[in-house]
Amino acid sequence: MAEAADFQGTSPSPARRWLRRTGAVLAGTPLLTGLLQLPAAAPAEAAAPAAPRAASDDGSVAVSVDSLTPGAPAEGDTVTVSGTVTNKGKKTVTDASVGLRVGSLLDTRSSIDTVAKNSDDIGSPVGAEIDDKYTEKFSKLTPGVSQPYTISVPADELDLGQDGVYDLSVTLTGETSDQPWEQTLGVRHTFLPWQPDEADTKTKTTFMWPLISTVHMTAETGSDEEQTPVFHDDELADEISPGGRLDRMVTLGKDLDVTWVIDPDLLASVEAMTTRYEIPGENADDKNAVGGHQAVAKRWLTEVQKAVADKEVVALPFGDPDLASLAHHGTSVTGSLRHLKEATDVAAGTVESILHVTASTDFAWPVEGAVDPSIIKVSTSAGADKVITRGDTFEGGRDLTYTPTAPRPIGGGTTAVVADARLSTVFDGDMTRASASTQAVQRFLAQSLTFALQTDRPRSVVIAPQRTPSAAQAQTMAEAIGALQDSTWSQPQDLTAAAKSKPDPDAGTEVPPASAYPKSLRKQELPRSAFEQIARTQDKLDRFKVILSNPSRVVTPFGRALNRGMAASWRGRPAEAAIYRSGVETYLDTLSSQVRLIEKSDTKLSGRSATIPVTVQNNLVQGVEHLVLRLTSTNPTRLEIDGNAYEEQPIAVSGGHSQSVKFTTNANANGRATVVAQLYTQDGRPYGQPVTFDVKVTEITATVMLVIGGGVLLLVLAGFRMYTQRKRAAARQAEEREQENAADAADADAGDAKNPEASERRPTQESAPDTREDAPEQPSDPAPDTAPESADPSGTGERVDR
């Protein structure tokens, strides 16, 4: 934009103001004062005291402005400035005095930048000091010691002229031992916007209030029914706890007229914390620790719901993907734009389910609003038709003496909403120091008023600050917005309304070329390898999900994790980004490997046909189906699988179980055959690792059968021979016993003939007990109670039992 765009379309300063400031500058030069012919109506202004000369030891005292209230005073207000003065030198400062000086009117936006850049330069021009009664004096300032000051001045005493921004400087004057004269030892320039009356045409101001964080959730979930989420850290709990960054964003934003710009991933992550969630331990052997911030998460979400009620909410694509990285490195990788589409599709639903408001998904927000044609193309590929850009990377327009309004039609039904660069970047940097925060607020108000005074044309201005403001930056932003909303030159407006406002016909609409994209931003982009890894993980997920009985348990957490892998928050953290993406892929590999074939040892096959079992193991919680198990013979001429080179059978295994599948094999020849078992999905893609084993075939021939039959016959004949031999031996023994019995009977009959009386006493053979030692014992015979009696005739004197 031409420098002419910085000038205001306003009238000159009043003569009284001109005389006062001119006299203040010339009063220290007697020669010029004598030559200058001043109007008699302004003797007091002509006699205004000259500013003290600057110290030779430049800036030996540091002056800070820690508070300036009100930031944009009106008539009747009292301006109060407070801060500290610190002696940085080695000499004690005596007769020190802190005073206020109102300098010249800063009538261009670039002049405000210049003053801000040299805010502590004691060589820069300062105005005449206000009345001596509005000063604070110190008898001495010891080296290294800070002293506070507070000066209050009625706005009417500042003698401000026309509407605009004035250079307000706080100066410290004093003396040192080696330079014993009054001199300026320190200064701090700030800005004082002045427009006491309501403007005829107010600037419509849109402030984007971002609710975005870094990535915290992993792809991992618990095996329980609720799928307990796993976070890689507990830093999000710190951000949403009272006093945390995101807690401050909500607390401050609820009272402001802003447009909430929200990453749905943040809401989903906090909602996951409202129940049970886990955090990995310090090492791989530790069990997961259970997060304990459920109450904090519930409270924060409730506060967000209250804050966004009746406010405009813009939902970014889930995970806030890096659009520039995607455009420059991801579009050449198949499937990358698919992830952007998915992230956009789930955005509105996520916000509505958690916050109960309808969010707009019409806006795309590249990092720092930097665009080129490829970024515009990618940004609108998922359905957005408005791209938030920034004025320092988008041409303002030729021959314009003002900053044009925000919306710019850039063709194809797409609108570039150009945020003001100066207003958007003023809150960058460290805002923890009160002086830095106060300076940012005053600079913001100064730029806003100067913008408004450039022209009477109605315009819309959009402010897109940094994506993740710190708590201190958020506090500073809130103070600036609050002061602006109370001002006389601005009124709030929603982002959608700003995008629909009438474009400026003279504004530039040409998208910057790729060569104009900032090199500093290009260095921070995600590399092509990041999108290749995401595509590889997606391919594995596609193969895995088709076998699951309940694929949503896997598709949803992994799909969102892949969105997070493209997040803009990874910029400047390439190592952390690579670790996250690798963690997602590794965990998916771990889950996929839970469905596998059990290793099988070599098998021997005796005979022409047999069955071979192959076992599939499922260690997942849910069942798997739609799988096909194929058993292939690498040598089908020797070994066939069900009459072919291979056979396939469908397989389904319940969660936590194994399933064996039997295949019929046929042997054609002896030898060793290699067999391969492999799982396939129904679309024919291999799943998991194959299992290979050998089958040793030993076929039984007719000769072998004859040999075996002959052996069996010989065994039968040998057994029959042994049986007949034993039978003959038994017969001979029986015959010999009969002959012995007959001989014994003959001897007994002969004895009876000689002794008839003894024959009568002897019992018959059938009834007499067999008392021979070799008589066989019967199982039922009782054991004898006494010793066996002798059958021989009793000796003399013996008693015979009858």
Side-chain angles (χ1 to χ4, degrees), residues 20-21 23-29 44 47-69 73 78-104 115-155 157-159 166-192 433-439 442:
R20 180 182 183 277
R21 302 201 184 284
V25 173
L26 299 178
T29 310
R53 54 182 173 175
S56 57
D57 51 344
D58 196 23
S60 61
V61 177
V63 179
S64 71
V65 176
D66 298 339
S67 175
L68 196 162
T69 57
T78 297
V79 178
T80 300
V81 182
S82 62
T84 60
V85 289
T86 305
N87 186 354
K88 300 186 300 179
K90 298 180 180 179
K91 305 290 181 63
T92 299
V93 176
T94 58
D95 295 329
S97 175
V98 178
L100 298 180
R101 298 173 183 269
V102 177
S104 59
V115 171
K117 183 178 180 180
N118 304 300
S119 63
D120 60 350
D121 182 9
I122 63 174
S124 58
V126 294
E129 188 174 82
I130 302 172
D131 197 312
D132 188 59
K133 65 181 179 180
Y134 300 114
T135 60
E136 186 163 343
K137 301 183 182 301
F138 302 94
S139 59
K140 65 177 181 179
L141 295 175
T142 305
V145 176
S146 298
Q147 295 284 351
Y149 72 87
T150 298
I151 300 174
S152 296
V153 182
E157 294 291 330
L158 296 176
D159 198 18
Y166 292 91
D167 177 3
L168 178 66
S169 59
V170 180
T171 59
L172 182 133
T173 59
E175 302 177 2
T176 59
S177 58
D178 55 346
Q179 294 179 332
W181 60 83
E182 185 181 13
Q183 55 191 305
T184 301
L185 299 176
V187 66
R188 176 65 61 181
H189 294 267
T190 187
F191 310 99
L192 191 65
R433 295 180 295 110
S435 58
S437 177
T438 299
Q439 183 74 339
Q442 295 307 120

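Just so we're clear, the structure is a prediction, and the values are computed from it rather than from any experiment.
For the pair T438 and L68, the tightest heavy-atom approach, listed with the atom from each and the gap, is CG2-N, 3.9 Å. Nearest heavy atom pair, residue E136 against residue P148, reads OE2-O, 3.6 Å. Between S97 and T135, the closest heavy-atom pair is OG-CB, 3.9 Å. Counting all heavy atoms, side chain and backbone alike, Q439 lies closest to A116 at NE2-CA, 4.4 Å. Taking each heavy atom of P154 and Y134 in turn, the nearest pair found is CD-OH, 3.7 Å. H189 and N118 get closest at one heavy-atom pair: CD2-O, 3.9 Å.
The side-chain contact (heavy atoms from CB on, under 4.5 Å) test with V98 is passed by exactly one of T150, L172, T173: L172.
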Exercise. Can T80 and T69 be said to form a side-chain hydrogen bond (donor to acceptor under 3.5 Å, both in side chains), step by step?
Worked result: CA-CA 5 Å; T80 300; T69 57; 4.6 Å; no
Problem set entry | Stepwise side-chain contact (heavy atoms from CB on, under 4.5 Å) check, I130 with V102 | CA-CA 8 Å; I130 302 172; V102 177; 4.1 Å; yes
Exercise. Does the side-chain contact (heavy atoms from CB on, under 4.5 Å) test come out yes or no for K137 and D132, once each step is laid out?
Worked result: CA-CA 10 Å; K137 301 183 182 301; D132 188 59; 3.7 Å; yes
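Using a 4.5 Å cut-off on side-chain heavy atoms (C-beta onward), T92 and P143 make contact. Residues V170 and L100 meet the side-chain proximity criterion, which asks for heavy atoms closer than 4.5 Å. Residues L168 and Q442 are not in side-chain contact: their nearest non-hydrogen atoms beyond the backbone lie 4.5 Å or more apart. For the pair V63 and Y149, the minimum side-chain heavy-atom distance is below 4.5 Å. Inter-residue side-chain proximity for S435 and V65 is flagged as unmet; no heavy-atom pair is nearer than 4.5 Å.
Atom OG of S146 and atom NZ of K88 lie 11.0 Å apart (nearest 0.5 Å). Interatomic distance, K140 NZ to D95 CG, rounded to the nearest 0.5 Å: 12.5 Å. Considering CD of E129 and OG1 of T184, their distance stands at 9.0 Å, rounded to 0.5 Å. One distance of note links CG of D167 with CZ of R101; it measures 11.5 Å at 0.5 Å rounding.
Proximity of a side-chain donor or acceptor of N87 to a complementary backbone N or O of L141 within less than 3.5 Å is detected.
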